[in-house]
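Each remark here refers to the structure printed beneath this line.
Source: prediction; values computed, not measured.
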Amino acid sequence: MALNANIPPEHQHIFVIEDDESMRETLSGILKFLGYQVHLFSNPLEFLKTTIQVAPAIIITDMRMPDMSGVELQAELLKRGRQVPIIFISGESTVPQTISAMKQGAIEFLTKPFEREQLMEAVIRGLKQDTAKMHAHLEHLAVEQSLKGLAPRERQVFDLLSLGFNNAEIMAKMGISLDTAKQYKSEVMRKLGLRSLSQLLALKKGNTQH
């Protein structure tokens with residue numbers, strides 16, 4: 001089974017939140033053996049004092065813990081705006097808890113005892129998911145930086161092009177000549193490194209999703 005080929009395991013982070021020391025150490029041993037950076041916490045409240053400033057990262061947490069349930073932890077993270085992929089493990093849980101966890105974006109729910117292979121498949125899937133999210137965020141930042149390089153009138157043309165305006169409509173909207181409209185359009189495409197309007201529309205769509 002291939003690990004995330006783009007990023008070595010030692011640069012991928014797994015946060016384990018488990019009140020059972022034996023299970024916590026078992027998970028740690030498996031994950032560290034595979035080269036991952038493993039961060040251990042005995043309870044959710046301790047974990048919430050830590051700001052996750054690394055990526056890609058995933059969380060492995062027990063569903064039922066004394067101070068806060070896994071679902072409550074998941075909801076608190078969402079409230080804080082950090083959507084880390086979460087794998088839930090539990091010896092016992094209710095159907096409503098499982099449904100709530102999945103609705104809030106959990107990637108897997110493992111019932112003890114589970115196979116090591118099940119755990120690893122979930123870990124790899126979660127890390128790939130967070131990697132994709134990280135890349136999308138970096139692309140978004142790159143687009144934002146490129147757009148800042150446009151002059152005000154060029155940015156206006158970009159916005160009109162993204163709305164489907166043609167040269168004649170841009171000319172009328174901005175009160176400029178057709179040649180000037182074409183020149184602005186050419187500069188927008190050149191500065192953003194675009195070769196077609198379809199690329200511009202795709203860039204605009206991707207940028208507005210963040």
Side-chain angles (χ1 to χ4, degrees), residues 2-15 35-39 47-60 73-87 104-107 123-210:
L3 297 178
N4 191 328
N6 298 319
I7 303 173
E10 60 267 26
H11 294 150
Q12 300 183 61
H13 298 260
I14 302 177
F15 294 82
Y36 293 113
Q37 289 287 333
V38 182
H39 312 269
F47 168 74
L48 287 171
K49 295 176 183 177
T50 303
T51 302
I52 302 179
Q53 296 179 321
V54 292
I58 64 167
I59 292 169
I60 300 176
L73 169 63
Q74 183 185 31
E76 179 61 28
L77 287 171
L78 289 173
K79 189 191 302 182
R80 297 183 183 192
R82 185 65 169 97
Q83 297 181 345
V84 187
I86 296 180
I87 298 168
Q104 289 180 167
I107 60 168
V123 165
I124 291 168
R125 189 164 71 252
L127 287 168
K128 284 183 176 178
Q129 186 181 107
D130 206 50
T131 298
K133 192 181 300 180
M134 177 181 68
H135 287 164
H137 178 65
L138 292 175
E139 288 173 5
H140 169 72
L141 293 178
V143 168
E144 282 294 311
Q145 194 61 38
S146 295
L147 290 176
K148 287 179 181 177
L150 298 179
R153 297 288 268 177
E154 291 168 351
R155 178 57 193 258
Q156 189 177 355
V157 168
F158 169 82
D159 290 335
L160 293 174
L161 286 170
S162 68
L163 292 173
F165 280 54
N166 59 32
N167 288 338
E169 291 169 329
I170 291 173
M171 177 183 69
K173 180 73 174 178
M174 296 179 63
I176 57 179
S177 69
L178 183 58
D179 285 344
T180 301
K182 288 180 178 179
Q183 182 180 349
Y184 279 141
K185 177 180 174 181
S186 176
E187 279 299 293
V188 168
M189 301 297 280
R190 181 185 68 79
K191 287 184 177 182
L192 297 180
L194 304 173
R195 296 186 301 276
S196 67
L197 283 176
S198 61
Q199 285 185 327
L200 183 145
L201 293 172
L203 181 149
K204 178 67 175 181
K205 181 181 179 181
N207 202 48
T208 55
Q209 289 176 346
H210 291 264

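- One N or O on the side chain of Gln199 and one on the backbone of Arg195 form a donor-acceptor pair closer than 3.5 Å.
- Looking only at side-chain heavy atoms (C-beta outward), Val123 and Ile60 come within less than 4.5 Å of each other.
- Atom CD in Gln129 sits 10.5 Å away from atom CD1 in Ile86 (nearest 0.5 Å).
- The closest donor-acceptor contact from the side chain of Asn167 to the backbone of Lys182 lies at 3.5 Å or more, if one exists at all.
- Panel note: side chain Ser146, backbone Ala142; a donor-acceptor pair is recorded below 3.5 Å.
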task = Report the C-alpha separation of Gln37 and His11 in whole Å, then their side-chain angles, then the decisive distance to 0.1 Å, and conclude whether the side-chain contact (heavy atoms from CB on, under 4.5 Å) test is met.
result = CA-CA 7 Å; Gln37 289 287 333; His11 294 150; over 6 Å; no
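- Salt-bridge annotation for Arg80 and Glu76: present, with a side-chain N of the basic residue lying under 4.0 Å from a carboxylate O of the acidic one.
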side-chain contact (heavy atoms from CB on, under 4.5 Å) between His135 and Thr131, intermediate numbers included = CA-CA 6 Å; His135 287 164; Thr131 298; 3.6 Å; yes
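- A distance of 9.5 Å separates CG in Leu150 from CD in Glu187, rounded to the nearest 0.5 Å.
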ask   = Under the side-chain contact (heavy atoms from CB on, under 4.5 Å) criterion, do Ile124 and Lys128 qualify, and how do the steps go?
value = CA-CA 6 Å; Ile124 291 168; Lys128 284 183 176 178; 3.8 Å; yes
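- For the atom pair Phe15 CZ and Ile59 CD1, the distance stands at 7.5 Å (nearest 0.5 Å).
- When every heavy atom of Ala181 is checked against every heavy atom of Ile170, the shortest pair comes out as CB-CG2, 4.2 Å.
- Inter-residue side-chain proximity for Val157 and Arg153 is flagged as unmet; no heavy-atom pair is nearer than 4.5 Å.
- Judged purely by atom type and a 3.5 angstrom limit, Glu154 uses its side chain to pair as donor or acceptor with the backbone of Ala151.
- Going from atom NE2 of His39 over to atom CZ of Phe47 covers 10.0 Å, rounded to the nearest 0.5 Å.
- In terms of heavy-atom proximity, Pro85 sits nearest to Gly126 at CG-O, 3.5 Å.
- For the pair Thr180/Met171, no side-chain contact is recorded, criterion being any heavy-atom separation below 4.5 Å from C-beta on.
- Residues Tyr184 and Ile176 meet the side-chain proximity criterion, which asks for heavy atoms closer than 4.5 Å.
- For the atom pair CG (Leu192) and CG (Leu200), the distance works out to 7.0 Å, reported to the nearest 0.5 Å.
- Residues Glu10 and Tyr36 are not in side-chain contact: their nearest non-hydrogen atoms beyond the backbone lie 4.5 Å or more apart.
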key: CA sep, side-chain torsions, deciding dist, call: Arg125, Ile87, side-chain contact (heavy atoms from CB on, under 4.5 Å)   = CA-CA 10 Å; Arg125 189 164 71 252; Ile87 298 168; over 6 Å; no
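- Using a distance-only test at 3.5 Å, with no hydrogens or angles considered, a donor-acceptor pair links the side chain of Glu169 to the main chain of Asn166.
- The closest donor-acceptor contact from the side chain of Ser186 to the backbone of Gln183 lies at 3.5 Å or more, if one exists at all.
- Side-chain contact between Leu73 and Leu77 is present, with at least one heavy-atom pair separated by less than 4.5 Å.
- Here the CD1 atom belonging to Ile58 is positioned 9.0 Å from the CG atom belonging to Asp130, to the nearest 0.5 angstrom.
- Atom CD of Gln83 sits in a sparse spot, with 12 or fewer heavy atoms from other residues, nucleotides or ligands closer than 6.0 Å.
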